[in-house]
Amino acid sequence: MKYWLMKSEPDTFSITDLAQRPGQIEPWDGVRNYQARNMMRDDMQVGDLVFFYHSNCAEPGIVGIMAVAKAGYPDGSAFDPDDKHFDPKSNLEQPRWFRVDVQYVRTLSRTITLHELKLKPELADLALVRRGNRLSIMPVSAAQWQFILALE
DNA sequence: GCCAACGTTGGC
DNA sequence: GCCAACGTTGGC
């Protein structure tokens with residue numbers, strides 16, 4: 001089993017939104033970055049655990065845990081001309097973008113803030129805290145996962 | 001709202 | 001293949 005971290009702007013989609021979805025499952029679509037695409041398409045498996053990270057908000061940080069409920073499959077939002085994330089270069093025969101389904105696991109008792117994570121030498125290699133990082137999906141090692149959870 | 005850091009696009 | 005222009009991300 002692997003561990004991941006996925007960012008979302010809470011104004012667009014928050015951990016609370018996920019918890020209120022039917023079955024508490026949500027397709028994680030609209031990702032238009034090749035590195036993130038490759039991870040969803042090739043590496044994320046059912047049962048993998050994922051930190052839910054709130055970005056671009058008053059208190060950026062990890063707010064909850066979710067699980068991969070469905071491995072990578074073509075992101076249909078790329079085929080829909082009315083969708084914000086429509087991409088005319090993606091098609092059914094050769095889909096360019098992929099998504100996974102995620103399922104709510106739990107909300108943390110508090111937000112583990114980006115500020116706090118940056119202060120920990122143990123997390124120096126975590127992509128999230130590295131300068132200039134903009135990846136919206138990133139791997140988390142088992143050691144990093146356990147360390148972060150122990151901060152809760 | 002600002003802006004640094006990236007990623008992508010497209011002319012050449 | 002280079003690189004300037006442009007668009008986006010996301011902390012602050």
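Please read all numbers here as calculations on a predicted model, not as lab measurements.
Across the protein-nucleic acid pair, A:Lys84 atom NZ and C:dT9 atom C1' stand 12 Å apart, rounded to whole Å. A:Asn133 places its CG atom 13 Å from the P atom of C:dC12, with the value rounded to the nearest Å. In this entry the distance linking CE of A:Met6 with C1' of C:dG10 reads 17 Å, nearest Å. The nearest whole Å value for the distance from the CH2 atom in A:Trp97 to the P atom in B:dG7 is 13 Å. In this entry the distance linking CG of A:Asn33 with P of B:dA5 reads 18 Å, nearest Å. If you measure from atom NE2 of A:His54 to atom C1' of C:dT9, you get 17 Å, rounded to the nearest angstrom. Taking atom CG on A:Leu119 and atom C1' on C:dG11, their separation rounds to 15 Å, with Å as the unit. The nearest whole Å value for the distance from the CZ atom in A:Arg32 to the P atom in C:dT9 is 11 Å.
A:Arg130 and A:Asp125 are joined by a salt bridge, as a carboxylate oxygen and a charged side-chain nitrogen come within less than 4.0 angstrom of each other. Checked for salt-bridge contact, A:Lys70 and A:Asp101 miss the test: no charged N lies under 4.0 Å from a carboxylate O. Using a cutoff of 4.0 Å between basic side-chain nitrogens and carboxylate oxygens, A:Glu152 and A:Arg106 are scored as salt-bridged.
At a cut-off of 3.5 angstrom, the base of C:dT8 holds at least one donor-acceptor pair with the side chain of A:Arg134.
OP1 or OP2 of B:dC6 has not a single side-chain nitrogen or oxygen of A:Tyr34 nearer than 4.0 Å. Under 4.0 angstrom from either OP1 or OP2 of C:dG10 there lies at least one side-chain N or O belonging to A:Lys7.
For the pair A:Asn56 and A:Gln35, both in contact range of DNA chain B, the more 5′-proximal nearest nucleotide belongs to A:Asn56.
Aromatic ring centres of A:Trp97 and A:Tyr34: separated by under 6.0 Å.
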